[in-house]
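Below: one structure, written as structure tokens.
In what follows, chains carry the letters A, B, and so on, assigned in the order in which the sequence lines appear, proteins first and then strands, with residues in each chain numbered from 1.
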Protein chains: 2
Amino acid sequence: MQLDGRLSRMMHLLIHMDRANGPITSGAAAEMLHTNPVVIRRTMAGLRDVGFVRSIKGHAGGWTLLKPLESISMLDVYKAVGQPRIFAIGLADPAPDCLVEQAVNASMTSALEKAEALLIAQLGEVTLAEIAKDFNRRFSASCANLP
Amino acid sequence: MQLDGRLSRMMHLLIHMDRANGPITSGAAAEMLHTNPVVIRRTMAGLRDVGFVRSIKGHAGGWTLLKPLESISMLDVYKAVGQPRIFAIGLADPAPDCLVEQAVNASMTSALEKAEALLIAQLGEVTLAEIAKDFNRRFSASCANLP
DNA sequence: CACATATGTAACTTCAGACATTACATATGA
DNA sequence: TCATATGTAATGTCTGAAGTTACATATGTG
């Protein structure tokens, strides 16, 4: 399986939307993310459902950010795109008859749940505003190298 | 993507091998894990390479455990099966030109790396012997319910 | 030695899910 | 009216674990 990039993509796009003046069309967003306009609309649907963005059809339409980046955490975006499965490894059989396998599952599940809880906590601690600030630092640094 | 069950499967099998008297054939192991003998041989190859098990061809052949369960941690098995990819989510582009995306990647990577470090630590803290002990508790408990 | 029994491995097929693409319906402003 | 957007269904593409088939090779036993 290839990686699920929806969380990463949508964070990227939301920050660009915050920096834009007017609405951004699916086509423009697709160019930014090097993907397809339909993929943008499909994935952004989740963000619209929770009220982070609005979409307008027709002339001068497109996507607009409705909330400040300060109010959106990485976890909020993760939930909005449908809480994709986190792990690529897991149990061979989640409900086995074999008692040995049940014991194995208990240990595996315990380890995975702790790691998942930490990841969720990490995602909840960072807002898109902080990532935008990090971008500003990177931008200034890149300008410093120019003549 | 479907889940990668190699770690879970091999832990399960190693504990069964510890409880067996003689060698276990790939066919017998495949029945235990509800899978195919070739899958067993393919996955066990990694465990043989690090010396956890030995394989013998021909009559009365099969797989034998070479080390005590006390000396094998979940992490050891994880490494022996080839350190499969842990996460199903990740970066859309690991080396983007866009500075916004670079900032997004930095935050995502930081969160994922912390979660991965915790998972690895958890896997390293539990030996197969402890899982076998947990099995014994479960077995006793299940017998207590019989007449 | 001949043969049944194992493993070792290559060469497929299958399957799931994100992503890509095509096609077309629908809404909207000029 | 028409160009420009989104909304969504339908279909194709790609990747890697798992499953399967086939056959070479090794090894006890009669």
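Separating the CG atom of A:D4 from the P atom of C:dA20 is a distance of 12 Å, rounded to the nearest angstrom. The separation between B:L33 atom CG and D:dT20 atom P is 14 Å, rounded to whole Å. In this structure, B:M44 atom CE and D:dA17 atom P are separated by 18 Å, rounded to whole Å. Atom P of nucleotide D:dT15 and atom CD of B:Q2 are separated by 17 Å, given to the nearest angstrom. Atom pair A:L3:CG and D:dA17:P shows a separation of 12 Å (rounding to whole Å applied). Separating the CG atom of A:N36 from the C1' atom of D:dT13 is a distance of 13 Å, rounded to the nearest angstrom. Atom pair A:R85:CZ and C:dG17:C1' shows a separation of 8 Å (rounding to whole Å applied). The distance between atom CD1 of A:I40 and atom C1' of C:dA18, rounded to the nearest whole Å, is 14 Å.
Under the side-chain hydrogen bond (donor to acceptor under 3.5 Å, both in side chains) criterion, A:T35 pairs with no residue at all, not counting sequence neighbours. A:A117 pairs by the side-chain contact (heavy atoms from CB on, under 4.5 Å) definition with nothing, not counting sequence neighbours. In this structure B:P68 satisfies the side-chain contact (heavy atoms from CB on, under 4.5 Å) test together with B:E70, B:S71, sequence neighbours excluded. Taking A:R41 as the reference, nothing meets the salt bridge (charged side-chain N to carboxylate O under 4.0 Å, His left out) condition, with sequence neighbours excluded. With sequence neighbours excluded, no residue satisfies side-chain hydrogen bond (donor to acceptor under 3.5 Å, both in side chains) with A:K79.
Counting non-hydrogen atoms under 4.0 angstrom, B:R54 reaches nothing in the nucleic acid.
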Identify every side-chain donor-acceptor pair in residues 96-112 of chain A under 3.5 Å, counting partners at least two apart or on other chains, and give the distances.
unit_1 : atom_1 : unit_2 : atom_2 : d
A:Q102 : NE2    : A:P96  : O      : 2.9
A:Q102 : NE2    : A:D97  : O      : 3.4
A:N105 : ND2    : A:D93  : O      : 2.8
A:T109 : OG1    : A:N105 : O      : 2.7

Review item, side-chain donor-acceptor pairs of residues 44-64 of chain B, under 3.5 Å, at least two apart:
unit_1 : atom_1 : unit_2 : atom_2 : d
B:R48  : NH1    : B:S55  : OG     : 3.3
B:W63  : NE1    : B:S26  : OG     : 3.0

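When all heavy atoms of A:G5 and B:A92 are compared, the closest pair comes out as O-CB, 4.4 Å.
For residues 98-112 of chain A, proximity to DNA chain C is found at no residue, defined as any non-hydrogen atom under 4.0 angstrom from a strand atom. Looking at residues 72-81 of chain A, you'll see that no heavy atom sits under 4.0 Å from any atom of DNA chain D.
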Protein-to-nucleotide contact annotation, 5' to 3' order, nucleotides 6-12 of chain C [B base; S sugar-phosphate only; - none; under 4.0 Å, heavy atom]: BBBBBB-

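When hydrophobic side chains of Ile, Leu, Val, Met, Phe, Trp and Tyr are connected at separations under 4.5 Å, B:L118 ends up clustered with A:L118.
Every pair passing salt bridge (Lys or Arg N to Asp or Glu O under 4.0 Å) that includes a residue from residues 116-145 of chain A is listed here, sequence neighbours excluded: A:D134-A:R137, A:D134-A:R138.
Residue B:T35 has a polar side-chain atom (N or O) positioned under 4.0 Å from OP1 or OP2 of D:dG19.
Other residues, nucleotides and ligands contribute over 12 non-hydrogen atoms within 6.0 Å of the CD atom of A:Q83.
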